[in-house]
Amino acid sequence: MNVLTVITALLSALSNGAASVLQRRAAVEPDAVSGHGARAATARLAGLLRRPFWWAGALAMAASAVFQVIALDSGQLSLVQPLLATELLFTLLIGAVVFRRRPSAGTWRSFVMLAGGLALFLLSASPAPGGDRASDWHWLAVGGGLTCCVAVLLTAARRMRGPLQAATLGTATAACFAVTAALIKEVTGRFPEGVTGVLTTWHTYAAALTGLLSVLLLQWALRAGTLAASQPALTLGDALISVILGGLLFGESIALGWRVLPEIAGVLLMALGIIGLTRSPVMSAGRSWDAAQPQPTRAQRDA
């Protein structure tokens with residue numbers, strides 16, 4: 001494995017986890033604005049932009065994007081995207097500090113399961129590098145197939161409710177995130193051509209559009225059900241679909257044969273770890289300001 005790829009992918013996951021926690025922290029600060037309507041919403045947004053935690057989160061998000069581009073430029077898609085699953089681990093650690101929540105023993109078990117499952121999968125799969133570019137015919141075939149799959153998932157999701165809808169939307173969102181990463185990988189292959197090469201390829205603008213679509217679908221998935229319903233499909237879907245895209249588009253490969261068994265075991269461990277982490281109180285901390293603050297003792301309440 002390329003050391004630079006691993007380090008920058010982990011830094012991208014760390015930055016994204018920090019962004020999530022910091023912007024959640026900014027969002028739960030007491031809000032002096034009351035009422036509804038466009039004026040109140042504008043005032044709340046202006047207040048949010050004055051909060052240092054929000055800007056720190058925005059900078060962390062930008063850093064995450066930069067680190068992901070560096071990782072995809074130096075390594076294969078089938079390695080970078082699975083490593084981004086560590087975002088949940090970093091979110092747990094940073095959230096525990098920011099919101100002053102001590103993880104339970106069960107949360108730590110889930111932490112170990114996710115970390116161990118990811119390590120088992122990557123070590124067993126040993127993703128091998130491929131090329132930096134795919135032909136337009138490959139993109140047409142793969143992109144068209146995934147577009148049809150996402151359309152079917154979204155159509156089915158409209159007829160569902162609750163956890164099943166959240167999981168279906170999480171899968172569709174994962175496919176869009178994976179395609180976005182693949183398009184970014186394609187764009188990095190144009191870096192030697194300079195700015196002109198990057199700005200004159202259609203992949204750059206397709207990456208921007210699919211990235212925006214991914215964010216919109218993510219919001220729909222999060223509103224449809226609990227995090228425990230959508231996150232496993234989102235995290236594992238992104239990793240596994242990226243492995244498939246790496247093979248179909250760039251000729252990357254993973255080890256098969258007897259190694260399929262530990263790879264499956266790694267994926268199952270990751271799934272169990274993700275479910276456990278998304279149910280942890282630390283991961284949901286910050287939904288209300290009071291929940292994130294130390295609660296008074298009985299003696300303090302009676303005083």
Side-chain angles (χ1 to χ4, degrees), residues 1-18 20-21 64 67-68 71-72 75-97 101-129 167 170-171 174 177-178 181 226-247 252-285:
M1 293 184 187
N2 187 312
V3 175
L4 177 62
T5 302
V6 173
I7 292 175
T8 50
L10 291 176
L11 286 174
S12 177
L14 170 62
S15 300
N16 217 24
S20 175
V21 173
S64 175
F67 285 129
Q68 184 182 15
L72 288 170
Q76 56 267 44
L77 181 69
S78 54
L79 174 61
V80 173
Q81 293 306 107
L83 282 173
L84 293 185
T86 56
E87 175 192 339
L88 283 177
L89 304 179
F90 293 122
T91 301
L92 171 69
L93 296 176
I94 299 171
V97 174
R101 292 288 189 90
R102 179 176 297 178
S104 65
T107 299
W108 284 119
R109 282 195 297 271
S110 299
F111 183 101
V112 172
M113 290 173 72
L114 174 54
L118 178 60
L120 178 60
F121 173 78
L122 289 177
L123 291 174
S124 301
S126 298
T171 303
F177 273 124
T226 64
L227 194 63
S230 60
Q231 194 67 46
L234 178 60
T235 303
L236 287 177
D238 187 0
L240 297 178
I241 293 172
S242 293
V243 170
I244 295 172
L245 291 180
E252 300 171 1
S253 62
I254 62 172
L256 299 175
W258 66 269
R259 295 197 182 192
V260 170
L261 292 178
E263 288 167 6
I264 293 175
V267 170
L268 292 177
L269 276 175
M270 288 174 63
L272 293 174
I274 291 167
I275 293 171
L277 287 179
T278 51
R279 291 177 176 174
S280 168
V282 175
M283 297 294 287
S284 60

S.K.: Side chain to side chain contact (heavy atoms under 4.5 Å, CB included), that's the test. Do Leu14 and Ile94 meet it? Break it down for me.
M.R.: CA-CA 9 Å; Leu14 170 62; Ile94 299 171; 3.9 Å; yes

S.K.: Can you name the closest pair of heavy atoms from Thr171 and Ala233 and give their distance?
M.R.: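 Nearest pair, atom of Thr171 first, then Ala233: OG1-CB, 3.5 Å.
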
S.K.: Indicate yes or no: at least one non-hydrogen side-chain atom of Phe177 is less than 4.5 angstrom from one of Leu234.
M.R.: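 They are in contact (side-chain heavy atoms under 4.5 Å apart), so the answer is yes.
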
S.K.: Could you check if a side-chain atom of Leu89 sits within less than 4.5 angstrom of a side-chain atom of Leu277, using non-hydrogen atoms only?
M.R.: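 Side-chain contact under 4.5 Å: yes.
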
S.K.: Given Gln76, which partner from the list Val80, Leu79, Leu72 fulfils the side chain to side chain contact (heavy atoms under 4.5 Å, CB included) test?
M.R.: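 Among Val80, Leu79, Leu72, the one that satisfies the side chain to side chain contact (heavy atoms under 4.5 Å, CB included) with Gln76 is Leu79.
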
S.K.: Backbone N or O of Ser12 within a donor-acceptor pair of the Ser15 side chain at under 3.5 Å?
M.R.: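 Not at all, since once roles are kept as given, no pair shorter than 3.5 Å links the two residues.
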
S.K.: Answer with yes or no whether the side chains of Thr107 and Ser110 bring together a donor and an acceptor at under 3.5 Å.
M.R.: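 No pair is found: no donor N or O on one side chain lies under 3.5 Å from an acceptor on the other.
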
S.K.: Once rounded to the nearest 0.5 Å, what's the spacing between atom CZ of Phe67 and atom CD1 of Ile7?
M.R.: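 So the CZ of Phe67 and the CD1 of Ile7 are separated by 10.5 Å.
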
S.K.: List the atom pairs, donor and acceptor, that lie under 3.5 Å between side-chain atoms in residues 256-273 and the rest of the protein, sequence neighbours left out.
M.R.:
{"unit_1": "Arg259", "atom_1": "NH1", "unit_2": "Ser124", "atom_2": "O", "d": "3.3"}
{"unit_1": "Arg259", "atom_1": "NH1", "unit_2": "Ser126", "atom_2": "OG", "d": "3.1"}

S.K.: Shortest non-hydrogen contact from Phe90 to Ala13?
M.R.: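 For Phe90 and Ala13, the tightest heavy-atom pair comes out as CD1-C, 3.7 Å.
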
S.K.: At what distance, to the nearest 0.5 angstrom, does CG of Leu84 lie from CG of Leu10?
M.R.: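 Output value for this atom pair is 8.5 Å.
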
S.K.: Using a 3.5 Å cut-off and no angle test, enumerate the donor-acceptor pairs between side-chain atoms of residues 237-247 and protein atoms at least two apart in sequence or in another chain.
M.R.:
{"unit_1": "Asp238", "atom_1": "OD1", "unit_2": "Gln81", "atom_2": "NE2", "d": "3.2"}
{"unit_1": "Asp238", "atom_1": "OD1", "unit_2": "Ser242", "atom_2": "OG", "d": "3.2"}
{"unit_1": "Asp238", "atom_1": "OD2", "unit_2": "Gln81", "atom_2": "NE2", "d": "3.4"}
{"unit_1": "Ser242", "atom_1": "OG", "unit_2": "Asp238", "atom_2": "O", "d": "2.7"}

S.K.: With rounding to the nearest 0.5 angstrom, report the OG1 to CG distance, Thr278 to Leu114.
M.R.: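 Taking OG1 in Thr278 and CG in Leu114, the distance rounds to 10.5 Å.
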
S.K.: With a 4.5 Å cut-off on side-chain heavy atoms, are Thr8 and Gln68 touching?
M.R.: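 No, side chains not in contact.
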
S.K.: So which heavy atom on Leu77 is nearest to which on Glu252, and how close?
M.R.: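 That closest heavy-atom pairing would be N-OE2, 2.9 Å.
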
S.K.: Rounded to the nearest 0.5 Å, what separates atom CG in Leu123 from atom CG in Leu118?
M.R.: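 So the CG of Leu123 and the CG of Leu118 are separated by 9.0 Å.
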
S.K.: Does Phe111 have any ring-ring contact (aromatic ring centres under 6.0 Å, His included) partners at least two apart in sequence or in another chain, and if so, which?
M.R.: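 Testing Phe111 for ring-ring contact (aromatic ring centres under 6.0 Å, His included), a comparison that skips the adjacent residues, returns Trp108.
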
S.K.: Would you find a donor on one side and an acceptor on the other, under 3.5 Å apart, between the side chain of Thr235 and the backbone of Pro232?
M.R.: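 No, Thr235 side chain to Pro232 backbone: no donor-acceptor pair under 3.5 Å.
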
